[in-house]
Amino acid sequence: MDIILAPNIERLLRMKVAEGLYDSLNEAVNATLNIALNKGCISKEELETLNADIQEGIDDAEAGNLSDAFEFLDELNSKYE
């Protein structure tokens with residue numbers, strides 16, 4: 001199956017691969033989808049919030065404002081649980 005990611009999503013996932021959080025882009029995509037699927041479903045509002053948060057992270061990274069990946073994931077898990 002071929003999929004096309006939104007450019008901002010692809011950049012974020014590639015950054016996570018470069019940080020060593022995932023071994024490949026495929027692994028990053030699967031992990032992200034697994035999180036969404038395990039939750040049962042994600043509402044339009046939650047998706048919009050998540051996309052806004054992702055864009056904020058991309059903007060920060062492009063500006064050189066980086067944070068620890070594990071800390072980021074802990075915050076993300078807490079926010080969306």
Side-chain angles (χ1 to χ4, degrees):
M1 170 187 341
D2 292 326
I3 60 169
I4 298 172
L5 299 172
N8 59 328
I9 302 292
E10 184 174 353
R11 277 194 305 271
L12 176 66
L13 293 176
R14 287 192 184 279
M15 285 185 342
K16 296 303 172 191
V17 171
E19 292 170 0
L21 187 59
Y22 301 105
D23 292 330
S24 67
L25 184 58
N26 186 55
E27 183 181 333
V29 169
N30 281 314
T32 303
L33 290 173
N34 192 38
I35 291 168
L37 291 172
N38 281 333
K39 183 169 181 179
C41 76
I42 189 165
S43 71
K44 182 178 179 182
E45 181 180 281
E46 289 172 319
L47 182 58
E48 289 171 356
T49 300
L50 181 57
N51 282 333
D53 289 345
I54 289 169
Q55 187 59 55
E56 181 182 344
I58 290 169
D59 293 343
D60 282 346
E62 289 174 349
N65 302 322
L66 302 174
S67 62
D68 180 82
F70 294 109
E71 183 179 308
F72 165 77
L73 288 175
D74 288 342
E75 290 174 15
L76 190 62
N77 282 333
S78 294
K79 184 174 183 175
Y80 292 102
E81 284 183 338

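- When every heavy atom of Leu13 is checked against every heavy atom of Ala28, the shortest pair comes out as CD2-CB, 3.9 Å.
- Here the OG1 atom belonging to Thr49 is positioned 11.5 Å from the CD atom belonging to Glu56, to the nearest 0.5 angstrom.
- Of the listed residues (Arg14, Glu10, Lys16), just one forms a side-chain contact (heavy atoms from CB on, under 4.5 Å) with Leu12, and that residue is Lys16.
- Across Val29 and Leu5, no two heavy atoms sit closer than the pair CG2-CD1, 3.9 Å.
- The pair Glu75-Lys79 does not meet the salt-bridge criterion, since no charged nitrogen lies less than 4.0 angstrom from a carboxylate oxygen.
- For CG of Asn34, the number of neighbouring non-hydrogen atoms (other residues, nucleotides, ligands) closer than 6.0 Å is greater than 12.
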